[in-house]
Amino acid sequence: MPTGPDDSPPSSPPHVAIVMDGNGRWAAARGKSRISGHQAGVDAVRKIVHHAAKRGTRYLTLFSFSTENWKRPKDEVQALFALLKKFVEKDLSRLHDEGVRVCVLGNRTNLPVETQKLLSNVEEKTRSNTGLNLNIAFNYGGRDEIRRMVQSIGQKILSEEIKPDQVTEEMICKSLDTAGHPDPDMIIRTSGENRISNFLLWQSAYSEFILLDVLWPDFGEREYDQALKLFSKRNRRIGGVDSK
Ligand code: IPE
Ligand code: MG
């Protein structure tokens with residue numbers, strides 16, 4: 001076995017975001033229901049949250065349910081909500097013990113009251129933790145987030161708190177669900193699809209995209225490390241030039 005720098009564990013940039021895709025195809029390939037694919041997807045989430053913290057990732061943002069996912073069959077939508085509840089109830093104390101701080105991104109207003117309570121409870125309980133910041137994007141859509149941001153800044157203009165020409169990029173960032181978080185350094189998408197699918201539209205301006213041909217339930221520690229290694233080879237200039 002070769003030894004040397006390549007064998008050392010890869011380090012992580014501050015913010016990794018993941019479009020977890022391919023649960024349905026994973027299940028279909030095994031003759032199972034889409035719902036069992038989502039169950040396997042939650043098992044992958046558990047492992048990755050733990051592993052990301054180990055690799056030094058500060059923010060891990062997971063796309064769990066999009067504003068477009070309501071179009072899916074009712075029983076599948078219900079199952080996704082039930083899996084969120086089960087994850088929070090079963091994993092909350094362990095996440096808390098590991099110092100994970102949970103933050104939920106997305107539109108809460110049209111969620112059932114029970115789900116709203118569940119989400120605010122997990123945020124409240126983990127608020128003072130200083131370990132990994134786990135962002136769960138649930139009922140999240142980038143366009144919907146931008147719409148809500150425009151509404152809130154519009155209100156400030158209407159109440160004459162600010163003038164239209166005083167709107168800054170910083171003000172916009174503060175009015176998004178990710179207020180106070182750094183932008184994602186890399187966005188991983190699994191399942192071989194090459195789309196952003198309404199995820200973090202504003203925040204992804206300079207994110208590196210790592211597109212992997214693996215279905216989400218098969219994504220594990222090895223794949224996370226592979227993504228980190230691919231990221232480390234990217235040359236990020238952010239509109240500038242190479243520094244020598
Ligand atoms: C991603 O897997 C899970 C969610 C969107 C909740 P999919 O359910 O989109 O899986 P495919 O794309 O049908 O394989
Ligand atoms: Mg999909």
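Counting from 1, the numbers follow the sequence of the chain as shown. Read the numbers this way: they start at 1 and go in the same order the structure lists the ligands and their atoms.
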Worksheet item: In the protein, which heavy atom is nearest to atom 6 (C) of ligand 1, and how far is it?
Response: Ser64 O, 3.3 Å
Discussion item. Which residue and atom name correspond to the protein heavy atom nearest atom 2 (O) of ligand 1, and how close is it?
Written reply: Asn23 N, 3.2 Å
Discussion item. Please determine whether a side-chain nitrogen of the Lys or Arg among Glu145 and Arg148 lies less than 4.0 Å from a carboxylate oxygen of the Asp or Glu.
Written reply: no
Item to complete: Give the name of the N/O/S atom in Asp21 that lies closest to the Mg ion (ligand 2).
Response: OD1
Fill in: Geometric class of the Tyr224/His51 ring pair [parallel <30°, tilted 30-60°, perpendicular >60°]
perpendicular
Worksheet item: Has Arg72 got its NZ or CZ under 6.0 Å from the middle of the six-membered ring of Trp70, at an angle within 45 degrees of the ring axis?
Response: no
Worksheet entry | Least distance between heavy atoms, Arg55 atom then Pro10 atom | CD-O, 3.1 Å
Fill in: Residue and atom name of the nearest protein heavy atom (relative to atom 10 (O) of ligand 1), distance in Å to one decimal
Gly24 N, 2.9 Å
Worksheet item: Do we see a donor-acceptor contact under 3.5 Å between the side chains of His38 and Asn23?
Response: yes
Discussion item. Check contact between His38 and ligand 1, using heavy atoms of the residue and a distance below 4.0 angstrom.
Written reply: yes
Practice prompt. Tell me which one of Glu76, Met20, Arg34 gets a heavy atom nearest to atom 13 (O) of ligand 1.
Written response: Arg34
Fill in: Audit row: Asp43, Arg46, salt bridge (charged side-chain N to carboxylate O under 4.0 Å, His left out) steps and yes/no
CA-CA 5 Å; Asp43 294 337; Arg46 271 192 196 102; 3.1 Å; yes
Practice prompt. Classify the angle between the aromatic ring planes of Phe199 and Tyr140 as parallel (below 30°), tilted (30 to 60°) or perpendicular (above 60°).
Written response: perpendicular
Discussion item. Within the 4.0 Å heavy-atom shell around Arg72, which atoms of ligand 1 are there?
Written reply: 5 (C), 7 (P), 8 (O), 9 (O)
Fill in: Contact with ligand 1 for Gly22, non-hydrogen, under 4.0 angstrom
yes
Worksheet item: Just distances here: any N/O of Leu80 and N/O of ligand 1 closer than 3.5 Å?
Response: no
Item to complete: Consider every N or O of Asn69 and every N or O of ligand 1, then say whether any pair is closer than 3.5 Å.
Response: no
